[in-house]
Amino acid sequence: MITVLRIGHRPQRDKRITTHVALVARAFGADKIVISEEDQKIKETITSVVESWGGDFSIEFQRWKSFLSNFSGTIVHLTMYGIPFEEKINEIREISGDICVIVGAEKVPPEIYQRATYNLAIGNQPHSEVSSLALFLDRYYKGNEFNRQFSKAKLEIKPSEKGKIVKGNNKK
Ligand code: SAM
């Protein structure tokens with residue numbers, strides 16, 4: 001099971017980017033997101049996406065200290081200061097047990113660097129929690145995350161060269 005732990009969410013500024021972190025987590029194969037700071041609007045958005053587009057992705061709010069104190073698996077913290085992820089991704093794929101992938105917002109507390117099993121950089125340039133999470137999950141699953149079936153989906157896209165075809169919905 002892969003849980004994404006989002007820390008440092010500021011409800012006034014980060015609503016959109018934290019929502020995108022959650023959407024990427026779900027679409028790219030994580031099972032759950034834990035957000036350290038409560039923001040019910042994000043929960044409503046993600047719950048509604050899961051209802052329409054299926055799958056078992058879940059969202060909850062829990063302070064990161066409390067979440068990590070009960071977590072016994074491997075902790076992967078994504079940070080531009082870390083070790084290049086290409087060096088560790090094969091090793092991490094072989095690990096059995098739960099994985100927690102941490103992404104930050106602004107400044108990440110030093111304790112996270114100490115608690116992490118791996119501090120991994122997706123390149124050593126600053127970019128975003130959204131891109132770093134997407135790349136990590138894609139390399140972890142070697143692209144197979146897109147073959148996953150999303151159970152109980154009310155809506156499903158029929159890929160098309162031009163236009164939009166959505167099954168379960170007559171709009172085109
Ligand atoms: N100084 C931060 C850092 O430690 O990476 C950059 C802050 S950035 C606005 C917010 C989050 O994006 C970071 O906490 C980290 O999870 C992710 N991030 C940004 N650039 C990254 C990179 N090159 N590699 C891994 N994660 C990155």
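Excluded from the calculations below are hydrogen atoms, water molecules and symmetry mates; all remaining heavy atoms, backbone and side chain alike, are included. Note that ligands are numbered from 1 as they come in the structure, with each ligand's atoms numbered from 1 the same way.
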Looking at [Y] and [X], is there a salt bridge between them, counting it only when a charged N and a carboxylate O are closer than 4.0 Å?
{"X": "R6", "Y": "E37", "value": "no"}
{"X": "D56", "Y": "K152", "value": "yes"}
{"X": "R10", "Y": "E106", "value": "yes"}

Residue [X] vicinity, atoms of ligand 1 by number, heavy atom under 4.0 Å:
{"X": "A121", "value": "24 (N)"}
{"X": "V108", "value": "14 (O)"}
{"X": "G123", "value": "22 (C), 23 (N), 24 (N)"}
{"X": "Q125", "value": "20 (N), 22 (C), 23 (N)"}
{"X": "Y113", "value": "4 (O)"}

Which residue supplies the protein heavy atom nearest to [atom], what is that atom called, and how far is it?
{"atom": "atom 6 (C) of ligand 1", "answer": "M80 SD, 4.5 Å"}
{"atom": "atom 8 (S) of ligand 1", "answer": "A105 O, 3.6 Å"}
{"atom": "atom 20 (N) of ligand 1", "answer": "H127 N, 3.1 Å"}
{"atom": "atom 4 (O) of ligand 1", "answer": "T79 OG1, 3.0 Å"}
{"atom": "atom 11 (C) of ligand 1", "answer": "G104 O, 3.4 Å"}
{"atom": "atom 24 (N) of ligand 1", "answer": "I122 N, 2.9 Å"}

So, N119 versus H77: side-chain donor-acceptor pair below 3.5 Å or not? yes
Applying side-chain contact (heavy atoms from CB on, under 4.5 Å), name anything that partners T74, two or more places apart in sequence or on another chain. V76, I95, I99, T117, Y118
List, by chain and number, the other hydrophobic cluster members for M1, where Ile, Leu, Val, Met, Phe, Trp and Tyr join if side-chain heavy atoms come within less than 4.5 Å, directly or indirectly. none
Examine H77 against ligand 1 and note whether any of their N/O atoms are separated by less than 3.5 Å. no
Is the ring centre of Y141 less than 6.0 Å from the ring centre of F28? no
